[in-house]
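Below, chains carry the letters A, B, ... as their sequence lines are ordered, and counting in each starts from 1.
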2 protein chains.
Amino acid sequence: MKKENLDRTTIKTIAKAAGVSHTTVSRALNDSPLVKPQTKLKIKRLADEMGYIPDINAKGLVSNKAYVVGIYFSRLQSGTSSNFLAESIRQVKKLLADYTLAINGIDLMPNENAMLRNGKPDGALFISQCENDDSYIQHMRDNGVPVVVINRKTKVAGVTNVVPDEYHGVFQAIEYAIRLGHKKFGLIKGTPKFTSTHYREQGFRDAIAKHPEAKVVEQAVIDGNYSRESGFHAMNKILMNSEFPSLVFCSNDETAAGAIKSCQKFGLQVPTDISLMGFDNADYAKFMVPGLTTIYKPVDEITRIGVEQLKDLMEGNSKSDQALKKIVTTELIIRDSVADLR
Amino acid sequence: MKKENLDRTTIKTIAKAAGVSHTTVSRALNDSPLVKPQTKLKIKRLADEMGYIPDINAKGLVSNKAYVVGIYFSRLQSGTSSNFLAESIRQVKKLLADYTLAINGIDLMPNENAMLRNGKPDGALFISQCENDDSYIQHMRDNGVPVVVINRKTKVAGVTNVVPDEYHGVFQAIEYAIRLGHKKFGLIKGTPKFTSTHYREQGFRDAIAKHPEAKVVEQAVIDGNYSRESGFHAMNKILMNSEFPSLVFCSNDETAAGAIKSCQKFGLQVPTDISLMGFDNADYAKFMVPGLTTIYKPVDEITRIGVEQLKDLMEGNSKSDQALKKIVTTELIIRDSVADLR
DNA sequence: GAAATGAATGTTAACGATAACATAATATTA
DNA sequence: TAATATTATGTTATCGTTAACATTCATTTC
C-alpha cells in the first residue's frame, strides 16, 4: 500500500485532480504552447486553488540551477561601514529581483571551501575590499561560477571588474585644497589591508608631491580603520602634536565624522581652525556639521554595471569573451569643511 | 551509448574511482558508522582530490530542506536606516552560519505569493516594522514555514515574537527630562505606518500627561520618516514657530542627527538653547556633537533571541507549544544633548 | 475513405542525492 | 566445522521536476 502524500501539492496531485498527466501540468504551468489553452487555464486555476508551490530543489536538480546569487563582502562583521553595506545590498536586491540574494562575509569563512558548502550559486558578486579575497574569487571561478568583482581591482585573471577611480578622486580633491591655499596636510588612513587605503594614500601623496609649496606633515599621518572611533582617536593624536596641518584628509566619511568630534573636544572649529575632507559621500555627509567636503564614490553605478555584467554572464550573453574592466570616475563634492585660505 | 558526464564530480564518479557503490560514498561522506574507517578515509580523500561539491538540490529534494533562512525587512529600499539594516544582517549572519541567508524586502514584493516564488526557506525571520507585514507573515505560516517576528508586535496568531519595550523606553526618557526641569516638549515622529512610530508617540504623550507641570507643544509635533532629511526639515518647522519647546524628542537617532543640523543652521546650540533626544542608540550617537542622549534599543539581544527561537522551531525542539512572546527592555543612555534646567 | 499531417497528451527516463531493504563477507559461538 | 551474529557493502526505489520519445486523436489531403 503506497502512502499518499496528502499534505503537499505537487504537479502529480494537480495532474490527478485535473485528469491529465503530470507532464501536461508541468507544461501548462510553464506556459508551453503544446498545451491546449483551455486545458492550460483549467490546470493553472487548479494549481492556484490547491496552493501549489513548485519545489525549487526538483527544478534546480533538473536544470542544474540554484536560483541564487551570492553577494560576498570582504568583511561583514566589522571594517565595512553600515552605510556601504546597506547601500550595496539595496542596490543589488533591486536589480536582481528574480534571484534569491544570499549574503556572505569572507571574514566568516574559515577557508575557500566553506564558500560552496551550502551549494553553488548561479552567480557571485564580490564587493571586495581586500586582497585576501582573491583566493576566494579564484576558487569560485575554478568551480565554474560566473563571477564579477566590484569596488576593488582584482588580480584574478579573466574576471569582470568594476572599480572607482579612488586615486584620481583623492588627487583632485587635494589639488583643490592646495588651490585654496592649504600647504600642510595630515592623513587618517583606512583599514591597513584594504586596497582602497593604499590608493587613497597614494593619490594624497602624489598630489602633494606635485606641488612644491605643499607638504605632508608626517606626524599627522595616522593609521585608522574606516570607523568613527578610529577617526576620533587618530584626530586626537594629530591635535596633540606640535606641528599642525591645516587640512586632514580622512580616508572615508565615517572617519571624518569621528575626527570632527575630536576637534570639538579640543575646542576647534571646522573649518575655521582646521579643515577636513572625507571620502564616499555617505548619505549623512551633507547633514554633518559643517557639511562635509568629500569625494563621491559612485556605489550605485558601480553596482549597477557589476550586476548587469553578472546577469549577462549568467545568461550566457556576454558579448565579448574579453572580461570587462571598468574604472568609474569619482566626483569632488564641495561643502563647508575646507577653509579658503587665500 | 550513454553519455558520461565528465565535467562534474558526483558521488557516482567517486564511486567508480573508488571501486565501490555510490551509496557507500554517500555514507562515507556523511560519516556513517556503517563504513569501514579505511574505506571512509579513501573515499574522503578521493572526494577531496576530485573537488567534489555536493549538489544541494539533490540533497534538498530528498530531505525536503532548502538550507536557506529568509530574512524579511518591511522596507529594504527606504524607510529603514542603514544602521539598523546592517546591524540586523550582521547579527543574524553570525548566528546562522549553517544556513544560506536570503535577504528580502516586503516593499519589493507585489503580493504574498511572491514570497515563495523562489522556493520555501527552512525558516523565516521577519524584522518587521509595519502592520502591512502581517498578511505576509500569515502566508508564510500557512505554508508551513517556521516563523519568528522581531522588532514589532504582530497580530498573527501563534507566532513567536520578540520586541523592544518602546513605550516605556520613551516614557522613562521623558520623565527624566521632566526631572531635569523641562516643561515644553516637541516631537518629530517616525514613518506614519510603522508601529514604532505609534508606541514612541504614546510613551511621549503619556509621560507628559502624567506630569501636570509639563505639556506638549502641539505646534512642535511634526511628521517625519526616520530619515536625517525628515529630521532636518521637521526641526526647521519647529524652529520657525512662535512657541518654542525646551526639548524635542526625535523618534530615532537619524532624525536627531538631522535636527541638530537644523539647529546649527538657526545658530542654536544644543543643549544650551534647545535639548534633543533620540531613540536607538545607533553606533554614531556617541560621536555626534553633542553626544546624543538616546534610548538604547537592544537590537542584538532581540535578534539573538529571535534567531535562537527560530533555530529551535526549525529543528523541532520547541520546548513548549506555546509561542514565545518576549518584550525586551530598553535603556536610557544619558549623554550631552539634554540640558539640566534646574 | 485511406494515408499523411499535426496538435494534444501520455510514458518513461533522467537529474544527484538519501534510505530501505537485500546480500556478501567476516567474526563469533556452540 | 556448521550455525549464527555482526559488519560492511550493494541494489533499487524515491524525492518533484523537466525532457526525450511515444502515442492518440482529429484534421487535412489525395
Side-chain angles (χ1 to χ4, degrees), chain A residues 1-43 46-47 50-67 116-120 122, chain B residues 1-44 46-47 50-67 116-120 122 144:
Chain A
M1 196 180 67
K2 210 172 69 185
K3 195 183 79 185
E4 278 302 326
N5 194 345
L6 291 171
D7 47 16
R8 180 155 188 202
T9 304
T10 70
I11 51 170
K12 288 188 182 165
T13 328
I14 300 172
K16 200 166 286 176
V20 297
S21 76
H22 71 275
T23 308
T24 301
V25 174
S26 172
R27 283 197 272 250
L29 296 178
N30 288 303
D31 261 329
S32 157
L34 293 174
V35 181
K36 213 199 301 185
Q38 188 185 342
T39 319
K40 200 184 277 189
L41 199 71
K42 185 174 79 176
I43 292 174
L46 213 46
M50 300 173 76
Y52 171 68
I53 297 168
D55 186 309
I56 196 99
N57 286 316
K59 273 183 123 125
L61 182 56
V62 165
S63 61
N64 198 23
K65 285 181 60 174
Y67 304 96
L116 299 169
R117 284 274 155 71
N118 279 325
K120 258 200 263 197
D122 297 326
Chain B
M1 197 181 67
K2 211 171 69 185
K3 195 182 80 186
E4 279 302 323
N5 195 346
L6 291 172
D7 47 16
R8 179 156 188 204
T9 304
T10 71
I11 51 169
K12 288 188 182 164
T13 329
I14 300 172
K16 200 167 286 175
V20 297
S21 77
H22 71 275
T23 308
T24 301
V25 174
S26 171
R27 283 197 272 248
L29 296 177
N30 287 302
D31 260 329
S32 156
L34 293 173
V35 182
K36 213 200 302 186
Q38 190 185 342
T39 318
K40 200 185 276 188
L41 199 72
K42 184 173 82 177
I43 291 174
K44 280 186 174 175
L46 213 47
M50 298 172 77
Y52 171 68
I53 296 167
D55 186 309
I56 195 100
N57 285 317
K59 270 183 126 124
L61 183 56
V62 165
S63 62
N64 197 25
K65 285 181 59 172
Y67 303 95
L116 298 169
R117 284 276 153 68
N118 278 326
K120 260 200 260 194
D122 297 325

Chemist: Return the value, rounded to whole Å, for the distance between atom CD1 of B:I14 and atom C1' of D:dG10.
Modeler: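 These atoms are roughly 17 Å apart.
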Chemist: Any base atoms under 4.0 Å from B:K12, or only sugar-phosphate, or nothing? Heavy atoms, all strands.
Modeler: nothing
Chemist: I'd like to know if the side chain of B:T9 and the backbone of B:G51 have a donor-acceptor N/O pair within less than 3.5 Å.
Modeler: no
Chemist: Evaluate the side chain to side chain contact (heavy atoms under 4.5 Å, CB included) criterion for residues B:Y52 and B:I11: first the C-alpha distance (whole Å), next the side-chain angles of each, then the deciding distance (0.1 Å), finally the verdict.
Modeler: CA-CA 8 Å; B:Y52 171 68; B:I11 51 169; 3.6 Å; yes
Chemist: Main chain of B:I53, side chain of A:K120: is a donor-acceptor contact present, judged purely on distance under 3.5 Å?
Modeler: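 Judged by distance alone, no pair lies under 3.5 Å.
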Chemist: If you compare every side-chain N and O of A:T24 against the phosphate oxygens of C:dG10 (OP1, OP2), does one of them come in below 4.0 Å?
Modeler: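 The answer is yes; a side-chain N or O of A:T24 sits under 4.0 Å from OP1 or OP2.
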Chemist: May I ask you to list the residues of residues 54-64 of chain B, by number, that have any heavy atom positioned under 4.0 Å from an atom of DNA chain D?
Modeler: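 Hits under 4.0 Å, by residue number: B:L61, B:V62.
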Chemist: Given A:V20, which of A:V25, A:I14, A:V35 fulfils the side chain to side chain contact (heavy atoms under 4.5 Å, CB included) condition?
Modeler: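 Single side chain to side chain contact (heavy atoms under 4.5 Å, CB included) partner of A:V20 among A:V25, A:I14, A:V35: A:V25.
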Chemist: Just wondering, do B:H22 and B:T24 contact through their side chains at under 4.5 Å, heavy atoms?
Modeler: no
Chemist: Tell me what A:T23 touches on the nucleic acid: a base, only sugar-phosphate, or nothing, going by heavy atoms under 4.0 Å.
Modeler: base
Chemist: Checking B:S26 against B:T23: is there a side-chain donor and acceptor pair closer than 3.5 Å?
Modeler: no
Chemist: Would you say A:R8 places a side-chain N or O within less than 4.0 Å of OP1 or OP2 belonging to D:dC15?
Modeler: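 So the side chain of A:R8 is outside the cut-off, no N or O lying under 4.0 Å from OP1 or OP2 of D:dC15.
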Chemist: May I have the distance from A:L41 (atom CG) to C:dA8 (atom P), rounded to whole angstrom?
Modeler: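 One finds 15 Å between P of C:dA8 and CG of A:L41, rounded.
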Chemist: Distance check needed: D:dT24 P versus A:K36 NZ, whole Å only.
Modeler: 17 Å
Chemist: Rounded to whole Å, please give me the gap between CE in B:M50 and C1' in C:dG16.
Modeler: 15 Å
Chemist: A:I11 CD1 to C:dG10 C1': how many Å, rounded?
Modeler: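 Rounding to the nearest Å, CD1 of A:I11 and C1' of C:dG10 are 13 Å apart.
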Chemist: Can you check the B:D31 CG to C:dT18 P distance for me, whole Å?
Modeler: 12 Å
Chemist: With respect to the phosphate group of D:dT18, does any side-chain polar atom (N or O) of A:S26 fall under 4.0 Å of OP1 or OP2?
Modeler: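 The answer is yes; a side-chain N or O of A:S26 sits under 4.0 Å from OP1 or OP2.
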Chemist: Output the rounded distance in Å from CD1 (A:I53) to C1' (D:dT17).
Modeler: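 After rounding, the reported distance stands at 15 Å.
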Chemist: To the side chain of B:T10, which of C:dA17, D:dT11, D:dC21 is closest?
Modeler: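 In terms of side-chain proximity for B:T10, the closest of C:dA17, D:dT11, D:dC21 is C:dA17.
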Chemist: Can a donor-acceptor pair be found, under 3.5 Å and without considering hydrogens, that links the side chain of A:D55 to the backbone of B:L61?
Modeler: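 A pair under 3.5 Å: no.
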Chemist: From C-beta outward on B:N30, which listed nucleotide comes closest to its side chain: C:dT18, C:dT9, D:dA8?
Modeler: C:dT18
Chemist: Expressed as a whole number of angstroms, how long is the span from B:L34:CG to C:dA19:C1'?
Modeler: 11 Å
Chemist: Would you say the side chain of A:H22 and the base of D:dT18 hold a donor-acceptor pair, judged only by whether the two atoms sit under 3.5 Å apart?
Modeler: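 Counting by modelled atom types and ignoring angles, a donor-acceptor contact under 3.5 Å is found here.
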Chemist: Identify, between B:Y52 and B:R27, the residue whose nearest nucleotide on DNA chain C lies closer to the 5' end.
Modeler: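 Result: B:Y52.
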